[in-house]
Participant: 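The structure follows.
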Amino acid sequence: MFQVPLIALLCIGVLWKGIDLVRAPHDRLLRLLVACLFMLMAGEILSFPEVSSAIDAATAVGIGKVAFNEIYMTGLFALILFFGFCVRGSDAEYRRRLRINTGLLAGALIALVTAMVATPAAMRGHSLSTPDMAEPAVASFYLAGGAYFVYAYLVCGLWSLRFARRASLHLGVGLWTMALGLFGLTLTSVNRIILVALRIDEPGSHEAFNSANWAMSDWAMGIVLFGICYSAGAQLLTRWQSIVHHRRMYHELAPLWTALAGAYPELVLNRVPAGSMWHRLRQRRTYEQRFYRRLIECRDGLVRLSPYLTQVAPGADLASGPGDQLARHIVIALAHKPPAESPDTAFAAARIASPTSNSLDADARELIAISHALRERTS
């Protein structure tokens, strides 16, 4: 019921975080997150009976089932590592988590392959409803896989709870919801292990229990899906607000930046992406980066211009004067500045438009006030 929306959401996540990974290829956490999303998406696709049957037809019976379980387990393994590595710790702790989880995954994968190889060829198309559950290899396949799913879902749920307690309101709600869904999936995995044990002696029995467990699994997956959507939506909203905020400030600095860049063009970082589309994508700057660069260039320009400001406005309060007054002094100083400065001339720089606090927003507000005044003078 929720499988197709989950695949669509995972696909969006792969594309979204994949673009971030292209720009930051050395980010270990981002690599784990993209690998996790991709593996889970591939596993969900392989879980469709039509896809599994097509793989079996192209290879051998049972390969599709093994491929689904192993790829999905690897996705959960990556998710566990992602959660674990988000917590700051020593290198020894990092290596210990990696060794433990790699060993558990390797053990589960080897057990699945061994069980499928040991299963008689005529029985390899088995499912939970198979009448051959008394066959040791068939039962071992489901017990080994179920045990790893119990571990993976439970650990991911516990990590989600841990981060939910520290997260902001909206992100915390998403993580709490995800944790609830993951605990539900843990319970359904335990139920499947119980069902396998019951069907060893009574093949095909307890069908009502199996149907109820699948319904519970669907709803648990739906709860996880809602939690992911809520967290992703909160992150997208925050991201969009940041883009809008920095884009507005970037354009508000334009009059001041234009005036100073015209006087000191060497301060402007003209980095034009070249080469392949892949290279341009990696080098493309976000609006936050553009804003920070423009803010730095404005500050650099004011430092270079400050000696002329002290000459044209001796005794003026250049550090904390009003923006319209500083804008008037800047226009006069730019006109007073010679077209070509002698490299041997030494000037003492002065503090211009000092912010009331050390935050970037306070610095930006000071320069934006000057920029607005410059726009009014030229309009």
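Worth knowing before you read on, the calculation uses all heavy atoms, side chains too, and leaves out hydrogens, waters and symmetry mates.
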Participant: Just by distance, with hydrogens left out, do Ser359 and Ser357 show a side-chain donor and acceptor under 3.5 Å apart?
Facilitator: yes

Participant: Classify the ring geometry of Tyr151 against Tyr148: parallel below 30°, tilted from 30° to 60°, perpendicular beyond 60°.
Facilitator: tilted

Participant: Apply the test side-chain contact (heavy atoms from CB on, under 4.5 Å) to residues Ser129 and Asn210: give CA-CA distance (whole Å), side-chain angles for both, the deciding distance (0.1 Å), then the verdict.
Facilitator: CA-CA 9 Å; Ser129 301; Asn210 186 35; 4.1 Å; yes

Participant: Would you check if the side chain of Ser140 reaches a backbone N or O of Pro136 as a donor-acceptor pair within less than 3.5 Å?
Facilitator: yes

Participant: Under the rule for salt bridge (Lys or Arg N to Asp or Glu O under 4.0 Å), what residues qualify as partners of Asp20, not counting sequence neighbours?
Facilitator: Lys17

Participant: Check each of Arg293, Arg247, Arg239, Arg294 against Glu288 using the salt bridge (charged side-chain N to carboxylate O under 4.0 Å, His left out) test, and report the only one that passes.
Facilitator: Arg239

Participant: Can you tell me how far the CG atom of Leu10 sits from the CG atom of Leu15, to the nearest 0.5 Å?
Facilitator: 11.0 Å

Participant: Strictly distance-based, threshold 3.5 Å: is any side-chain N or O of Ser160 a donor or acceptor partner for the main-chain N or O of Leu175?
Facilitator: no

Participant: Could you walk me through whether Asn101 and Leu105 pass the side-chain contact (heavy atoms from CB on, under 4.5 Å) test, one step at a time?
Facilitator: CA-CA 6 Å; Asn101 285 284; Leu105 176 65; over 6 Å; no

Participant: Looking only at heavy atoms, what is the nearest atom pair of Gly145 and Met73, with distance?
Facilitator: CA-CE, 3.4 Å

Participant: Going only through I, L, V, M, F, W and Y residues with side-chain contacts under 4.5 Å, is there a path from Leu81 to Leu161?
Facilitator: no

Participant: Hey, is the main chain of Arg99 close enough, under 3.5 Å, to the side chain of Thr102 for a donor-acceptor pair?
Facilitator: no

Participant: Keeping Tyr264 on the side-chain end and Arg304 on the backbone end, is there a donor-acceptor pair under 3.5 Å?
Facilitator: yes

Participant: Under a 4.5 Å cut-off applied to non-hydrogen side-chain atoms, are Ser306 and Leu318 in contact?
Facilitator: no

Participant: I'd like to know if Phe163 and Leu29 are part of one continuous hydrophobic network [Ile/Leu/Val/Met/Phe/Trp/Tyr, side-chain heavy atoms within less than 4.5 Å].
Facilitator: yes

Participant: Main chain of Ser205, side chain of Arg199: is a donor-acceptor contact present, judged purely on distance under 3.5 Å?
Facilitator: yes

Participant: With sequence neighbours left out, which residue pairs that include part of residues 44-66 fulfil the side chain to side chain donor-acceptor pair (under 3.5 Å) condition?
Facilitator: Gln3-Glu44, Gln3-Ser47, Glu44-Tyr72

Participant: Looking only at atom types and distance, does a side-chain atom of Arg31 sit under 3.5 Å from a main-chain N or O of Pro25, one as donor and one as acceptor?
Facilitator: yes

Participant: Can you measure from OG1 (Thr177) to OH (Tyr230) and round to the nearest 0.5 angstrom?
Facilitator: 8.0 Å

Participant: Hey, are His251 and Arg248 close enough side-chain-wise for a donor-acceptor pair under 3.5 Å?
Facilitator: no

Participant: Please work out whether the ring planes of Tyr94 and Phe85 are parallel, tilted or perpendicular, with thresholds of 30° and 60°.
Facilitator: tilted

Participant: side-chain contact (heavy atoms from CB on, under 4.5 Å) between Phe291 and Leu253: does it pass, once the steps are laid out?
Facilitator: CA-CA 9 Å; Phe291 160 72; Leu253 285 172; 3.9 Å; yes

Participant: Tell me, with the steps shown, if Leu128 and Trp214 meet side-chain contact (heavy atoms from CB on, under 4.5 Å).
Facilitator: CA-CA 11 Å; Leu128 277 174; Trp214 277 114; 4.2 Å; yes

Participant: Taking the side chain from Ser371 and the backbone from Ile368, do they hold a donor-acceptor pair closer than 3.5 Å?
Facilitator: no

Participant: Quick one: CE on Met133 to CG on Leu143, what's the gap to the nearest 0.5 Å?
Facilitator: 8.5 Å

Participant: I would like to know whether Glu366 and Arg299 meet salt bridge (charged side-chain N to carboxylate O under 4.0 Å, His left out); could you show each step before the answer?
Facilitator: CA-CA 11 Å; Glu366 294 291 333; Arg299 271 295 170 198; over 6 Å; no

Participant: When rounded to the nearest 0.5 angstrom, what distance separates CE in Met249 from CG in Leu360?
Facilitator: 8.5 Å

Participant: Hey, could you give me each pair passing salt bridge (Lys or Arg N to Asp or Glu O under 4.0 Å) that has a residue in residues 116-143? Not counting sequence neighbours.
Facilitator: none

Participant: Around His372, counting heavy atoms of other residues, nucleotides and ligands shown, do more than 12 lie under 6.0 Å from its NE2?
Facilitator: yes

Participant: Roughly how far, to the nearest 0.5 Å, is the CG atom of Leu198 from the CD1 atom of Ile193?
Facilitator: 12.0 Å

Participant: For a quick check under 3.5 Å, do Asn191 and Thr188 share a side-chain donor-acceptor pair by atom type?
Facilitator: no

Participant: Please report whether the ring centroid of His246 lies less than 6.0 Å from that of Tyr292.
Facilitator: yes

Participant: Can you measure from SG (Cys36) to CG (Leu79) and round to the nearest 0.5 angstrom?
Facilitator: 4.0 Å

Participant: Mark yes or no for whether Ser217, through its side chain, and Asn213, through its backbone, hold a donor-acceptor pair below 3.5 Å.
Facilitator: no

